[in-house]
Amino acid sequence: MHRTDPKLDGRRLMVACGREHGRQLVDQYRGRPVVEPEQWAAKIMRALDQHSEGLSETELAEATGLTPAEIEIGVRWQAMAAVDWHARFGAVGLQEPAGAGVLLRP
């Protein structure tokens, strides 16, 4: 998922040391499984990043194209990813992952 432009979703800029390394990177990312909850979480974070005042649940659904159930699953996936991040890296001296805080307004 691209951080700001939905038209660039599924595309990734990569820097490689040479052609062979470039092929290895392409193969690595091509084989990475698609995890829908991860994609949904990224769409949610992108929408919230673009609306610093927050979004209602209805506005969030419209901004992301997700159903309420997909939003719930995406938010839960993000929360689990944050717990995993903190377990692996802690919070001291490191920056929170993007979208660590979610602002939904009523």
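Predicted model, so just to flag it, every value in this text is computed and none were measured.
Within the 3.5 Å criterion, the main-chain N or O of Glu36 finds no donor-acceptor partner in the side chain of Gln39.
In this structure, Asp27 pairs ionically with Arg30, as a charged nitrogen and a carboxylate oxygen lie closer than 4.0 Å.
Taking the side chain as every heavy atom from C-beta outward, Met45 and Leu48 approach each other to under 4.5 Å. Inter-residue side-chain proximity for Thr67 and Glu70 is flagged as met; some heavy-atom pair is nearer than 4.5 Å. At a threshold of 4.5 Å between non-hydrogen side-chain atoms, the residues Trp77 and Val35 count as touching.
By the salt bridge (charged side-chain N to carboxylate O under 4.0 Å, His left out) test, Glu72 is found to be paired with Arg76, residues two or more places apart in sequence or in another chain being considered.
Minimum heavy-atom separation, Ala41 to Gly74: CB-O, 3.4 Å. Considering all non-hydrogen atoms of both residues, His21 and Val15 come closest at CE1-O, 4.2 Å.
Sorted by first and then second residue, the salt bridge (Lys or Arg N to Asp or Glu O under 4.0 Å) pairs involving residues 78-90 (not counting sequence neighbours) are Asp84-Arg88.
From Gln78, atom CD reaches atom CD of Glu38 across 9.5 Å, with rounding to the nearest 0.5 Å. Note that the CZ atom of Arg19 and the CZ atom of Arg23 stand 7.0 Å from one another [nearest 0.5 Å]. Rounded to the nearest 0.5 Å, atoms OG (Ser56) and CD (Glu62) are 7.5 Å apart. Distance check, rounded to the nearest 0.5 Å: CG of Leu60 to CD1 of Ile71 gives 4.0 Å.
Linking Ile, Leu, Val, Met, Phe, Trp and Tyr whenever their side-chain heavy atoms come within less than 4.5 Å puts Tyr29 and Val26 in one cluster.
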